[in-house]
Structures are given as C-alpha cells and as structure tokens.
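Working notes for the structure below.
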Amino acid sequence: MTGVHAFTDEYGDASLAVEKTGVTSFFIITVVLVRDEVVADQRVRLEAIRRKYFGVGEMKSSSVGQDDDRRKRILEALMALDVSTYSLAIDKRELDREGGLAHRKSFFKYLNRRLYERVFKNIDNTKLIADEYGREEFMRGFVGYVNKHLPLTLFTRRDVSFAKSSDEVMLQAADMVSGSLARALDPGKKSPVADEFIALLQKRSLGVEVWPPRGLPDVESAPDPADNEKDRTIRRHCLRQAHLFLREHIQIGEPSDEVRAQIEVLQILLFQVQFADAKKYVPTGRIRDQLRSQIGLQLSTRKLRLVISAMRDAGVVIGRSAKGYKLPIDERDMEEFVAHANTIVPPMLSRVRRAKQDLGLASLGKLDILAPAKFSLLRRLVATLDADEASEKS
C-alpha cells in the first residue's frame with residue numbers, strides 16, 4: 001500500500017499581540033510531502049545538502065538569516081529534490097481580536113481543519129511527522145481533529161508522530177521553507193528579493209494559502225512604478241472586488257464544493273498578483289492541478305470556466321487568454337479582457353439576430369424567437385443593432 005510521508009514545521013507564534021516585541025506578524029505551517037518509495041533516497045540527498053551548507057549543524061532558516069544569496073542557493077538545491085510542499089500562512093494582523101480566532105483554541109482549531117483538508121482528506125495513506133519542539137499543543141489538537149473527522153478503513157493509513165528536528169532532516173527542510181516564506185511575507189523579516197524566493201518555492205509548491213484575505217490597504221502596497229492613474233484605478237478596483245468576494249464567502253464552517261472551488265481559484269490568482277509575477281497569467285492546467293492537490297476537486301476545463309463565470313457574475317473581474325487566467329492590474333490587462341469578450345459577444349449576438357430575421361421571414365412574421373420575457377435584454381440589443389444598421393443606410 002503506497003502512500004506519502006508528510007513532514008511539518010512552523011514559523012512564528014500563535015499570539016495575536018503582534019504589536020509586542022518578538023511577536024511575529026505571521027504564523028506559517030509548511031508540509032513537505034514525499035512519496036513512500038523515495039523517502040529514503042530523498043533523505044540521503046537532503047542530508048548532503050545540509051552538510052554542504054550547514055556543516056555539522058541543523059539546516060535552520062534562522063541560521064541563514066538575512067544572507068539572501070546563501071538562502072537562494074539552498075532553496076535551489078531543495079527545489080531539485082523529488083518532494084512537494086504546501087504552506088498555510090496566517091496573517092495575524094488581519095485577525096479580529098474580538099472574533100472567535102482571537103482565542104488560542106479556536107485559532108488552532110482553524111489551522112487543524114485547513115491542514116486536515118490539505119493532507120489527510122486528499123491522500124488516503126499518510127504518515128505525518130511533526131517537530132516535537134514548541135507546537136505540541138497545535139499538533140495534539142490536530143490528531144484529535146483527524147480522528148474525529150476521518151474514520152479509519154481497511155484502505156487507509158493514518159499515522160501522526162513527533163520527532164526532534166535534529167534527528168529528522170526532512171523537518172529541517174520544512175523549517176527552511178517556512179522561514180523563507182517569512183522572508184517574503186512577514187513585514188518584520190521581508191527581503192528585498194522576496195519575489196525570487198517565491199519563484200523558487202513555487203517550483204515544488206502545491207499551494208501557498210495566505211489567510212485571511214489581505215486587507216484592502218495592503219492591496220496597493222506594491223504597485224508598478226510605471227503605473228498611471230488609470231492603471232492604479234484598475235488594480236485597486238479588481239483586487240478590491242476579489243477581496244470582498246473572499247471576505248463574504250470564506251467561513252470557518254464547511255462551504256459547498258462550488259464555493260470551495262471559487263475560493264481556491266481566487267486565492268491562487270490573488271497570490272500571483274501579490275507575491276509572484278502580477279503581469280503573468282496563471283495557466284489553466286496549474287489551477288486545475290492545485291484544485292486537485294489542495295482540496296481534492298477534479299475539475300474539467302469546462303467546469304473551471306463555470307467556476308470563473310460564477311465569480312464574474314458576482315462582480316469579480318477575471319481576465320482570460322490562451323495563457324490562462326489573471327486578475328487585471330492595468331489598462332493592457334483590461335484591454336485583453338474586453339478583447340476576449342469582443343471575440344464572443346458580437347458574433348453570438350449577430351447569429352441570434354440573423355436567426356430571428358430568417359425565422360421571422362420563414363413564418364411570415366408569426367415567429368419571434370426573442371419574444372419570451374426572459375430574452376428581453378437580447379431583444380433590446382438586437383433592436384439596437386437594427387436601428388444602427390438603419391441609421392447607417394439612411
């Protein structure tokens with residue numbers, strides 16, 4: 001029975017008193033996933049990386065500190081391994097201290113559910129190994145959560161254990177990924193080359209979830225210096241609509257699969273704008289892969305389009321091209337958004353108009369395919385086309 005080893009370690013602390021010295025703005029959990037059949041080989045390769053860059057000591061992000069060139073070399077080596085990663089980054093500045101997550105148990109319970117959904121719910125046979133130092137309260141709660149929500153069967157394996165990071169080099173890799181994400185996300189640790197860390201980590205990442213959705217003031221934190229006022233308006237509006245949608249739909253409870261898909265897709269697109277390359281589209285295949293790996297949803301390209309359409313109907317502006325999907329951030333993006341619509345709407349409207357005219361003639365005026373009330377908008381649009389054509393001929 002094949003399965004996956006999952007090694008987890010964290011960055012930061014659970015305190016919400018982020019204004020206090022020494023309290024981190026983010027709490028980041030990383031899971032390093034390794035297939036059972038290659039875990040021994042990958043340990044050997046990882047141990048060689050540790051010896052090369054750390055000598056006799058542990059591979060720890062904190063010991064690399066602000067040496068960004070060294071960090072990049074280490075991450076390049078780690079991303080060459082046959083592993084996958086998933087990270088959950090909680091921005092504690094955005095949590096409501098008067099809400100449920102202000103309480104330590106509720107905070108951990110939410111993290112328990114998210115980690116459960118990403119690791120145990122979607123992988124039948126999993127052995128989770130956690131760093132025994134510092135976060136035992138969180139992991140003990142996680143074991144209880146898994147036992148409650150995922151009954152054992154003859155076809156599943158579910159093991160949770162603890163180990164010292166000094167004895168398990170894979171835990172050290174999880175520490176390095178979490179710490180490197182902190183260098184990209186946490187304002188107290190952020191590096192000038194944060195985007196390079198993100199680009200490296202994405203090579204093996206099944207997803208980085210930043211929760212809750214970024215506050216609106218932060219949406220405008222890093223606009224392109226070349227942006228004009230129109231670009232800034234477009235960026236502000238499109239990101240605001242995305243954030244408002246997430247704030248309305250993300251709940252601590254269990255959303256439907258349709259809403260889960262919408263939330264995940266939008267978080268992928270937001271992450272691309274806020275932490276990766278805002279100018280690039282996210283390929284359709286990558287979105288589908290992340291939906292499958294992160295929440296276990298197998299969506300065809302057609303079903304993904306329906307997910308996107310539902311969010312557009314709710315006011316979220318999402319651009320599409322042959323390269324994939326993105327949140328528009330400037331005039332060029334919006335021009336592509338409108339140009340895509342222009343390839344669909346006018347031809348379809350022209351076909352409907354032609355069919356109305358032809359069937360009207362064939363029936364001697366007795367058949368009007370746009371007569372039903374549900375087609376009132378189409379009827380007005382076709383009437384506008386008729387009027388424009390008459391005006392041009394007069």
Side-chain angles (χ1 to χ4, degrees), residues 207 209-216 219-220 227 230-251 255-292 294-295 297-352 374-382 384:
E209 178 183 358
V210 180
W211 195 90
R214 279 253 174 144
L216 295 183
V219 167
E220 302 178 66
D227 282 356
K230 291 180 181 179
D231 293 336
R232 288 190 287 272
T233 299
I234 290 168
R235 175 190 287 262
R236 186 183 306 116
H237 173 76
C238 294
L239 295 191
R240 178 180 288 112
Q241 291 303 106
H243 285 296
L244 291 175
F245 181 92
L246 287 180
R247 287 188 171 185
E248 180 180 348
H249 291 83
I250 286 183
Q251 302 172 1
S256 66
D257 283 351
E258 180 182 3
V259 173
R260 288 171 66 214
Q262 293 169 2
I263 290 170
E264 296 296 331
V265 169
L266 201 47
Q267 287 183 322
I268 291 169
L269 298 182
L270 274 170
F271 187 88
Q272 182 72 17
V273 171
Q274 293 180 326
F275 306 112
D277 190 338
K279 294 186 179 297
K280 289 186 177 179
Y281 285 78
V282 183
T284 300
R286 194 171 110 200
I287 295 175
R288 293 176 59 204
D289 287 346
Q290 287 195 220
L291 287 174
R292 181 176 63 254
Q294 291 183 198
I295 58 174
L297 287 181
Q298 298 269 8
L299 293 188
S300 64
T301 299
R302 178 179 174 278
K303 287 185 178 180
L304 177 59
R305 288 173 183 166
L306 295 176
V307 169
I308 299 288
S309 294
M311 288 189 287
R312 286 172 173 160
D313 290 342
V316 182
V317 185
I318 301 176
R320 177 189 171 195
S321 76
K323 296 170 284 188
Y325 294 94
K326 79 186 303 290
L327 297 175
I329 60 167
D330 53 29
E331 281 191 277
R332 180 178 177 179
D333 285 346
M334 285 307 303
E335 185 176 331
E336 290 186 357
F337 173 80
V338 176
H340 176 69
N342 196 48
T343 65
I344 299 172
V345 177
M348 289 296 296
L349 191 57
S350 179
R351 291 171 198 146
V352 170
K374 61 183 178 181
F375 298 139
S376 59
L377 176 58
L378 279 175
R379 187 164 61 250
R380 292 196 299 272
L381 292 173
V382 168
T384 299

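Note that the structure is predicted; figures quoted are calculated from it, not measured.
Each of I268, L269, V282 was evaluated against Y325; a single residue qualifies, L269, per the side-chain contact (heavy atoms from CB on, under 4.5 Å) test. With I287 as the fixed residue, the side-chain contact (heavy atoms from CB on, under 4.5 Å) test singles out one of L304, V307, T301: L304.
Heavy atoms of other residues, nucleotides or ligands lying less than 6.0 angstrom from CZ of R332 number 12 at most.
How far CG of L266 is from NE2 of H243: 8.5 Å, rounded to the nearest 0.5 Å. The CD1 atom of I318 lies 13.0 Å from the CG atom of D333; values are rounded to the nearest 0.5 Å. Rounding to the nearest 0.5 Å places CZ of R320 at 9.5 Å from CD1 of I308. Annotation: the span from Q241 atom CD to R312 atom CZ amounts to 14.0 Å, rounded to 0.5 Å. Taken to the nearest 0.5 Å, the CZ atom of R232 stands 13.0 Å off from the CD1 atom of I329. The structure places CG of L299 at 13.0 Å from CZ of R305, a figure rounded to the nearest 0.5 Å.
Using a 4.5 Å cut-off on side-chain heavy atoms (C-beta onward), E264 and Q290 make no contact. Looking only at side-chain heavy atoms (C-beta outward), M334 and V317 come within less than 4.5 Å of each other. Taking 4.5 Å as the limit, some side-chain heavy atom of T284 sits within range of a side-chain heavy atom of R288. With a 4.5 Å cut-off on side-chain heavy atoms, L244 and V316 do not count as touching.
Heavy-atom minimum distance, F245 versus M311: CZ-CG, 3.7 Å. Summarising the geometry of D231 relative to E331, their closest heavy-atom pair is OD1-N, 2.9 Å, with the distance given to 0.1 Å. Looking at every heavy atom in both residues, Y281 comes nearest to G324 through CD2-O, 3.4 Å. Closest non-hydrogen pair, Q267 versus L246, comes out as CG-CD1, 4.1 Å. In this structure, L297 and A261 approach most closely via the heavy-atom pair CD1-CB, 3.8 Å. Of all the heavy atoms in P346 and A341, the pair that sits closest is CD-O, 3.7 Å.
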> Given the rule in the side chain to side chain contact (heavy atoms under 4.5 Å, CB included) test, do K279 and D330 qualify, once you have shown the distances and angles that lead to the verdict?
Replying inline: CA-CA 9 Å; K279 294 186 179 297; D330 53 29; 3.8 Å; yes
> Step by step, would you call M348 with V352 a side chain to side chain contact (heavy atoms under 4.5 Å, CB included)?
Replying inline: CA-CA 6 Å; M348 289 296 296; V352 170; 5.5 Å; no
>> Does R379 form a side chain to side chain contact (heavy atoms under 4.5 Å, CB included) with V382? I'd like the steps, not just the answer.
In response: CA-CA 5 Å; R379 187 164 61 250; V382 168; 6.0 Å; no
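With salt bridges taken as basic N to acidic carboxylate O contacts below 4.0 Å, none links D289 and R286.
K326 contributes a side-chain N or O that, together with a main-chain N or O of A278, makes up a donor-acceptor pair within less than 3.5 Å.
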